[in-house]
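Take a look at the structure set out below.
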Amino acid sequence: MKDFKYELIHKDAKSEARLGKLNVFGKIVETPVFMPVGTQATVKFLSPEEIKAIGSSIILSNTYHLWLRPGEKVVKAAGGLHKFMNYDGPILTDSGGFQVFSLADARKIKEEGVTFKSHLDGSTLFLSPEKSIEIQMDLHSDIAMSFDECIPFPSSYEYTKRSTERTLRWAKRGKDVHTLDDQALFGIVQGGAYRDLREWCAKELAEMDFDGYSIGGTSVGEDKATMYTMIEDAIRYLPKDKPRYLMGVGAVNDLLNGIERGVDMFDCVLPTRIARHGTLMTSQGRLNIKKNIYATDFTPVDPECDCECCKNYTKAYINHLFRAKEGLGMRLMSIHNLRFLIKIMEGARKAIKEDRFLEYKEEILKKFPFDERGF
RNA sequence: GGAGAGGUAGCGAAGUGGCUAAACGCGGCUGACUGUAAAUCAGCUCCCUACGGGUUCGGCAGUUCGAAUCUGCCCCUCUCCA
């Protein structure tokens, strides 16, 4: 019997927003939750201690990248991913399915699996649904993902249908080889932007009885309205007693719109990536710390923020760190952006509890002067 | 005082008669970034009333149809010798 359980604490009265508690083999994750991404067994620039300090309760890592380097056997020999990276909180691993999408130039998809060209040395590699699960079992993450194909937008109905059918077969194949009792396995809803395919895929997956369900194939070029519809179409037939995870989404408006539609988990590279590139999400809107005007601005990044960066350092100092290419700048910015999103999630959970999620969403969207991109 | 080397856009540095408003790098400015090939990538960076015009390559004067590139003089810098 797996000790993995989603408990619905409270559903918002006026929306599909859900306050929940995810028991990940004894480690509790309150949902809705935002998960920082640590692709290569590290949330870039942050130590596990810092990740926890910002209020993060679960992080992501990646099958494809760890398979290539250092190799899943090395991680296994280390005693698993948690020991390897010295992080004892819950870890979710993506299956490598996204790399089918992002490394599209260097791959070939067949029924059996996907032939990749390594982005490291160009060597030819083969990843199948079984192999992906085997690697994830060696990594020993808490939550594994089914191996899927993340298709681009737009894609033809024909292709989307064929790909989604294959993704379902892959989900089944992966599930059949998954044997760990202390690792959950999620299925991933694809179906592109076609309602019937999304709904059908969700129903099929629900029937296979996964520990949780991901919504994949969003934020790949479609507009916001389409994306929100895709989420609704995926969630409609997903079981209410299992967690729903919207993959790769992290803009503020997307998080709120996802929660409103019943999403429990999110992950995104956005906050950490744009932080490294000099962009901050703040209560004053988007801010590029590299700009000249901040060179002599001795105020905090975000006066309303309680993170290590905002409590202790000034814009001028971080501007200097960026110009000097000092890593501390990227680290402080990453801490801030993650804390910013996590705080929004904390607020969302509180609002759901009080049956005022929609008001909260409006409040946030009105308060933060971001553009339609949501950051 | 003598002998060499050299002065190119914010800096470094190519270029040595037309294809040069001048490579490239740095710096500077702007933009992008959503299950991370990303401390990355793209554009701009002499001036202007800008699909055109104006002034540039230490200074001045020449040679030439045409000069950053050739000649003369001058100014300045560096190295070596006295």
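Below, each value reflects all heavy atoms present in this structure, side chains not excepted, and no hydrogens, waters or symmetry copies. So you know, we letter chains A, B, ... as the sequences are listed, proteins then strands, and number each from 1.
Contacts of Thr279(A) with the nucleic acid, taken as non-hydrogen atoms under 4.0 Å apart, include base atoms. Base contact: Arg373(A) has a heavy atom under 4.0 Å from a base atom. Lys44(A) comes within contact range of at least one nucleobase, with a heavy-atom separation under 4.0 Å. Nucleic acid contact class of Phe101(A) (heavy atoms, under 4.0 Å, all strands): none. Using a 4.0 Å heavy-atom distance criterion, Asp254(A) is classed as a base contact. Heavy atoms of Gly250(A) sit under 4.0 angstrom from at least one base atom.
Close placement of the Phe25(A) and Phe4(A) rings is indicated, their centers lying within 6.0 Å of each other. Side-chain rings of Phe368(A) and Phe375(A) stay apart, their centers remaining 6.0 Å or farther from each other.
Phosphate proximity of rG35(B) to Asn62(A): absent, as no side-chain N or O sits under 4.0 Å from OP1 or OP2. Gln99(A) has a side-chain polar atom (N or O) that falls below the 4.0 Å cut-off from OP1 or OP2 of rU36(B).
The base of rU36(B) does not come close enough to the side chain of Ser102(A) for any donor and acceptor atom to sit less than 3.5 Å apart. The base of rG31(B) is not paired with the side chain of Asn288(A) by any donor and acceptor separated by under 3.5 Å.
Nucleotide rA37(B) holds its P atom 11 Å from the CG atom of Leu68(A), rounded to whole Å. One interatomic measurement links the two molecules: CG of Asn292(A) to P of rG10(B), which rounds to 18 Å at whole-angstrom precision. Put simply, CZ on Arg323(A) is 19 Å from P on rG10(B), counting in whole angstrom units. Rounded to whole angstrom, the span from the CZ atom of Phe116(A) across to the C1' atom of rA37(B) amounts to 12 Å. Separating the NZ atom of Lys325(A) from the C1' atom of rA39(B) is a distance of 9 Å, rounded to the nearest angstrom. For the pair Leu60(A) CG and rG35(B) P, the computed distance is 9 Å after rounding to whole Å.
The side-chain ring of His65(A) is not stacked on the base of rU36(B), judged by centre separation under 5.5 angstrom and plane angle under 30 degrees.
Just one of Phe101(A), Tyr64(A), Phe126(A) meets the ring pair (Phe, Tyr, Trp, His ring centres under 6.0 Å) condition when paired with Phe116(A); it is Tyr64(A). Just one residue in the list Ile51(A), Val43(A), Val37(A) forms a side-chain contact (heavy atoms from CB on, under 4.5 Å) with Leu338(A), and that residue is Val43(A).
Hydrophobic side-chain contacts under 4.5 Å tie Leu197(A) into a cluster, directly or through other members, with Tyr157(A), Tyr194(A).
A heavy atom lying under 4.0 Å from RNA chain B marks the following residues of residues 216-245 of chain A, by number: Gly217(A), Ser219(A), Lys224(A).
Across all strands shown, rG59(B) is found opposite rC73(B) as a Watson-Crick or G-U wobble partner, with both distances under 3.5 Å.
RNA chain B is contacted by both Met330(A) and Thr39(A); Thr39(A) maps to the nucleotide lying nearer its 5′ end (nearest heavy atom per residue).
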